[in-house]
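Single-structure report; data block below.
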Amino acid sequence: MDLFTRKTQKLPPPEHIAIIMDGNGRWAKKRGLPRTAGHAAGAETFRRIATYCRSIGVKYLTVYAFSTENWKRSREEVECIMALFEKYLHEAIDEMEQDHIRLKVLGDLSRISPELRALIERTAEISTHYDGFQANVCINYGGRDEIVHAARRFAAQCAAGEKKPEELTEEAFGGLLYTAGIPDPELIIRPSGEERVSNFLLWQSAYSEYYFTDVLWPDFDERELDRAIAAYHKRDRRFGGVKK
Ligand code: IPE
Ligand code: IPE
Ligand code: MG
């Protein structure tokens with residue numbers, strides 16, 4: 001462990017870190033490889049960063065793996081990404097039981113294959129037995145889609161006479177989102193040089209701190225995460241108030 005890493009570890013990490021895992025395609029292109037090779041490398045980076053987050057005491061890690069807009073990509077690329085989800089969920093099931101890890105998939109699962117959905121349900125079921133580190137993987141996730149789903153659920157409850165419109169508070173609405181029960185992320189990291197939100201955690205990021213880096217996701221490592229945490233600790237979070 002070098003000096004930089006040790007210094008960062010003295011500072012408590014955020015309870016919840018979210019990451020837009022971007023740059024897999026460009027990473028592959030730079031090496032003359034197909035985009036799919038970038039996704040395979042990116043999946044390994046996820047595993048590495050999740051292990052590191054757990055070791056430094058992060059409670060929740062939420063990663064953006066596939067957006068509601070990513071279906072626009074070629075069939076070959078989408079199929080490769082879905083196959084990687086299956087492979088990693090299979091492996092995760094053993095590890096979850098061994099290490100008491102929770103793993104949840106957030107997103108609209110109606111477009112996901114029945115095989116993958118069965119694995120997702122299995123990980124959700126195993127997660128109910130544990131209360132340690134939780135990884136949330138956003139698949140077919142869109143912030144707007146999530147908000148529309150939540151609004152529909154509440155409207156249906158009103159139509160059924162179970163709820164009244166005035167009963168809807170910010171807290172109640174948050175409880176209808178895919179992230180119900182998960183605190184908002186303090187820190188959102190986007191690698192790859194793009195500085196936009198791309199429909200990620202629109203509701204939950206109201207007061208999140210953003211950290212952007214040019215590093216492509218497959219090259220992202222523990223040191224990069226330490227850098228992001230160190231930058232986060234320098235921020236002055238006011239939540240609309242006045243600096244003390
Ligand atoms: C992120 O990497 C993975 C997904 C969006 C599924 P990209 O595939 O977007 O990589 P770039 O942005 O093209 O480099
Ligand atoms: C955001 O990355 C989605 C994921 C990382 C899963 P994109 O590559 O899809 O976003 P844009 O197209 O650059 O905004
Ligand atoms: Mg991208």
Side-chain angles (χ1 to χ4, degrees), residues 4 7-22 49-50 52-54 56-65 67-69 102 104 106-108 131 133-138 141-155 157-158 163-215 217 220 224-244:
F4 184 83
K7 210 171 123 202
T8 308
Q9 283 194 341
K10 285 209 186 108
L11 301 165
E15 182 181 30
H16 184 175
I17 296 179
I19 306 181
I20 300 173
M21 303 191 294
D22 197 19
I49 292 301
Y52 186 58
C53 281
R54 181 169 170 251
I56 61 172
V58 172
K59 281 236 181 77
Y60 300 89
L61 170 69
T62 301
V63 294
Y64 203 7
S67 75
T68 45
E69 287 74 48
R102 289 180 291 170
K104 289 202 177 148
L106 312 180
D108 174 6
D131 63 0
F133 175 73
Q134 178 167 332
N136 304 305
V137 182
C138 298
Y141 174 90
R144 287 185 171 180
D145 179 71
E146 178 183 39
I147 290 168
V148 168
H149 264 88
R152 268 197 213 137
R153 275 176 70 189
F154 187 73
Q157 289 170 352
C158 288
K163 286 267 157 60
K164 292 201 182 84
E166 57 274 21
E167 286 179 71
L168 188 61
T169 58
E170 289 186 11
E171 208 187 345
F173 195 72
L176 295 168
L177 299 170
Y178 298 132
T179 52
I182 302 169
D184 291 341
E186 293 98 322
L187 172 64
I188 300 184
I189 300 170
R190 181 164 192 162
S192 93
E194 308 300 348
E195 300 192 351
R196 56 176 166 263
V197 178
S198 300
N199 208 4
F200 189 46
L201 301 178
L202 298 183
W203 174 276
Q204 300 84 345
S205 63
Y207 275 101
S208 301
E209 296 296 331
Y210 278 95
Y211 178 84
F212 298 107
T213 166
D214 287 340
V215 173
W217 175 247
F220 195 92
E224 295 299 334
L225 192 84
D226 284 342
R227 283 207 177 96
I229 294 173
Y232 165 79
H233 279 290
K234 290 206 184 106
R235 306 280 173 89
D236 175 24
R237 305 188 78 203
R238 291 188 293 278
F239 301 97
V242 177
K243 194 174 173 148
K244 274 183 222 134

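No experiment lies behind these values; they were computed from the predicted model shown. We number each residue from 1, following the sequence as shown.
- Scanning both residues, W203 and G174, for their nearest heavy atoms gives NE1-CA, 4.1 Å.
- At a threshold of 4.5 Å between non-hydrogen side-chain atoms, the residues E224 and P191 do not count as touching.
- Using cut-offs of 30° and 60° for the angle between ring planes, the Y141 and Y64 rings count as perpendicular.
- Taking CD of Q157 as the reference point, atom CG of L168 lies at 9.5 Å (rounded to 0.5 Å).
- Side-chain contact check for I20 versus W217: every heavy-atom pair is 4.5 Å or farther apart.
- Residue-environment remark: CG (D131) stays at or below the threshold of 12 foreign heavy atoms within 6.0 Å.
- Here R102 pairs with Y60, S127, Y130, Q134 under the side-chain contact (heavy atoms from CB on, under 4.5 Å) rule; sequence neighbours left out.
- In this structure, CZ on R227 lies 8.0 Å from OG1 on T213, to the nearest 0.5 angstrom.
- Looking at every heavy atom in both residues, L176 comes nearest to R153 through O-NH1, 3.2 Å.
- Across all non-hydrogen atoms, the minimal contact from I56 to P13 is O-CG, 3.2 Å.
- When atom types are taken as modelled, the side chain of N199 and the backbone of R144 share a donor-acceptor pair closer than 3.5 angstrom.
- Side chains of D226 and Y52: a donor-acceptor N/O pair is present below 3.5 angstrom, by distance only.
- By the side chain to side chain donor-acceptor pair (under 3.5 Å) test, T179 pairs with Q204, sequence neighbours left out.
- In this structure, CG on L225 lies 6.0 Å from CD1 on I19, to the nearest 0.5 angstrom.
- Here the closest non-hydrogen pair linking H233 and L11 is NE2-CB, 3.4 Å.
- L187 CG to I229 CD1: the interatomic distance, rounded to the nearest 0.5 Å, is 7.0 Å.
- Taking all atoms of both residues into account, the shortest heavy-atom contact from C158 to P165 is SG-N, 3.9 Å.
- Ring geometry for F239 against Y207 counts as tilted: the plane angle lies between 30° and 60°, on a 0 to 90° scale.
- Here the shortest heavy-atom pairing between L61 and F133 reads CB-CZ, 3.8 Å.
- Expressed to the nearest 0.5 Å, how far CD of E15 lies from CD1 of I182 amounts to 11.0 Å.
- Listed by first then second residue, pairs satisfying salt bridge (charged side-chain N to carboxylate O under 4.0 Å, His left out) with a partner in residues 186-215 read D22-R190, R26-E194, E194-R196, E209-R235, E209-R237, not counting sequence neighbours.
- Between P185 and L201, the closest side-chain pair of non-hydrogen atoms falls below 4.5 Å.
- Of the residues L106, L177, T68, the one that meets the side-chain contact (heavy atoms from CB on, under 4.5 Å) test with E146 is L177.
- Looking at K104 and Y178, their side chains never come closer than 4.5 Å, going by heavy atoms from C-beta outward.
- Using a 4.5 Å heavy-atom threshold, the side chains of I17 and Y232 count as separate.
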